[in-house]
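Reading through the structure tokens given below for one structure.
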Amino acid sequence: MTDVIEVTLTVNGAPRRAVVEARKTLADTLREDLGLTGTHLGCEHGVCGACTVLLDGEAVRSCLMFAVQADGADVVTVEGMAPADGQLSDVQQAMHECHGLQCGFCTPGFVVSIAALLERDPDPDDAAIRDGLSGNLCRCTGYQGIVKAVRAVAAVRRGQQ
């Protein structure tokens, strides 16, 4: 018999519950049980960053943790980044305007990671940006547009653009 456990989370501001096997990852729970497919699964080893979500405000690889470890936590996925009115978040808008995305597979992880980076460091230099995003891989963009997007959001938030 497989052990199943009920987990209660706050996901994107709403209370959510799921009954999961003890070995089910947070990423799979978000996608399969809660229907939040913006969290992508790439490597499933924590290397690519496509599954990055915020857990109690910290960026984590949701493929590396079990859903039961997140019981009681506040989780924000890429779906929770945008305002409720359906507009893009400032990070999403900058990624679009600065050509920081192409195929889009890595984009949700980058959006969440950028949000976490700018929360920690509202005015990062290029070295801090590259270090802060070093856990996310992109095969398409060459990263220049992504770094430019982070710079653009930081500047707007400082009131410089």
Side-chain angles (χ1 to χ4, degrees), residues 9 11-12 16 18 20-21 23-67 69-70 73-83 86-158 160-161:
L9 310 162
V11 181
N12 300 329
R16 303 293 299 267
V20 298
E21 292 182 24
R23 62 189 176 92
K24 192 168 196 174
T25 66
L26 177 59
D28 286 335
T29 299
L30 292 168
R31 292 180 57 79
E32 297 168 8
D33 300 312
L34 302 181
L36 298 169
T37 57
T39 300
H40 290 169
L41 287 169
C43 67
E44 297 192 57
H45 295 284
V47 175
C48 73
C51 68
T52 303
V53 299
L54 299 179
L55 181 78
D56 293 330
E58 296 293 322
V60 300
R61 303 294 188 262
S62 62
C63 75
L64 291 181
M65 67 181 304
F66 297 116
Q69 292 174 288
D74 180 48
V75 177
V76 179
T77 68
V78 70
E79 291 93 342
M81 292 278 131
Q87 298 295 312
L88 296 176
S89 72
D90 57 351
V91 173
Q92 291 168 318
Q93 188 65 41
M95 289 284 281
H96 168 70
E97 290 173 3
C98 297
H99 307 287
L101 57 110
Q102 285 182 27
C103 83
F105 190 82
C106 67
T107 304
F110 270 105
V111 168
V112 173
S113 294
I114 290 167
L117 168 64
L118 291 173
E119 185 66 29
R120 283 190 318 273
D121 183 357
D123 190 19
D125 61 17
D126 283 2
I129 293 169
R130 291 181 187 285
D131 184 59
L133 299 180
S134 63
N136 294 75
L137 300 178
C138 176
R139 292 175 166 238
C140 302
T141 66
Y143 300 97
Q144 298 307 313
I146 297 168
V147 172
K148 184 178 175 184
V150 177
R151 278 193 246 122
V153 173
V156 167
R157 289 183 181 181
R158 286 189 316 271
Q160 296 180 341
Q161 285 186 343

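Predicted model, so just to flag it, every value in this text is computed and none were measured.
Arg130 places no side-chain N or O within donor-acceptor distance of the main-chain N or O of Tyr143, the cut-off being under 3.5 Å. Listed for the Ser134 side chain is a donor-acceptor partner under 3.5 Å among the backbone atoms of Asp131. Using modelled atom types, no side-chain atom of Asp56 and backbone atom of Ala73 make a donor-acceptor pair closer than 3.5 Å. No donor-acceptor pair closer than 3.5 Å links the side chain of Glu79 to the backbone N or O of Asn12.
Taking each heavy atom of Ala152 and Cys98 in turn, the nearest pair found is CB-SG, 4.1 Å. Closest heavy-atom contact between Gly46 and Cys63: N-SG, 3.4 Å. In terms of heavy-atom proximity, Pro124 sits nearest to Ala128 at CB-CB, 3.8 Å. Heavy-atom minimum distance, Leu34 versus Ala18: CD2-CB, 4.5 Å. Closest heavy-atom contact between Gln87 and Ala82: O-CB, 3.3 Å. A pairwise comparison of heavy atoms in Ala59 and Ala116 identifies CB-CB, 3.9 Å as the closest pair.
Counting heavy atoms of neighbouring residues, nucleotides and ligands inside a 6.0 Å radius, atom CZ of Arg139 does not exceed 12 of them.
Considering OG of Ser113 and CD1 of Ile146, their distance stands at 10.5 Å, rounded to 0.5 Å. Of the inter-residue distances, the one linking Glu44 atom CD with Ser62 atom OG reads 9.5 Å to the nearest 0.5 angstrom. Note that CG of Asn136 and SG of Cys48 are 8.0 Å apart. Values are rounded to the nearest 0.5 Å. To the nearest 0.5 angstrom, Phe66 atom CZ is 11.5 Å from Leu26 atom CG. In this structure, the separation between CE on Met65 and CZ on Arg61 is 13.0 Å, given to the nearest 0.5 Å.
In this structure Glu58 satisfies the side-chain contact (heavy atoms from CB on, under 4.5 Å) test with no other residue, sequence neighbours excluded. Thr141 pairs by the side-chain hydrogen bond (donor to acceptor under 3.5 Å, both in side chains) definition with nothing, not counting sequence neighbours. Taking the side-chain contact (heavy atoms from CB on, under 4.5 Å) definition, one finds that Leu88 meets it with Gln92, Gln93, sequence neighbours left out. Among residues two or more places apart in sequence or in another chain, the side-chain contact (heavy atoms from CB on, under 4.5 Å) test is passed with Asp126 by Ile129, Val147, Arg151. Taking Thr107 as the reference, Met95, Leu101, Val111 meet the side-chain contact (heavy atoms from CB on, under 4.5 Å) condition, with sequence neighbours excluded.
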Apply the test side chain to side chain contact (heavy atoms under 4.5 Å, CB included) to residues Asp123 and Arg157: give CA-CA distance (whole Å), side-chain angles for both, the deciding distance (0.1 Å), then the verdict.
CA-CA 9 Å; Asp123 190 19; Arg157 289 183 181 181; over 6 Å; no
What do the steps show when you test Val53 against Leu30 for side chain to side chain contact (heavy atoms under 4.5 Å, CB included), and what is the final call?
CA-CA 10 Å; Val53 299; Leu30 292 168; 3.9 Å; yes
Under the side chain to side chain contact (heavy atoms under 4.5 Å, CB included) criterion, do Leu41 and Asp28 qualify, and how do the steps go?
CA-CA 9 Å; Leu41 287 169; Asp28 286 335; 3.2 Å; yes
Verdict with supporting geometry, Leu133 and Val150, side chain to side chain contact (heavy atoms under 4.5 Å, CB included):
CA-CA 10 Å; Leu133 299 180; Val150 177; 3.9 Å; yes
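Among pairs with a residue in residues 24-62, those fulfilling ring pair (Phe, Tyr, Trp, His ring centres under 6.0 Å) read His40-Phe105, at least two apart in sequence or across chains.
Counting heavy atoms from C-beta outward, Thr25 and Leu64 have side chains that stay 4.5 Å or more apart.
In this structure, Asp33 pairs ionically with Lys24, as a charged nitrogen and a carboxylate oxygen lie closer than 4.0 Å.
Remark: of the listed residues Val75, Asp74, Val76, Val60, Val76 is the sole one forming a side chain to side chain contact (heavy atoms under 4.5 Å, CB included) with Leu54.
A donor-acceptor contact closer than 3.5 angstrom is absent between the side chains of Arg31 and Thr39.
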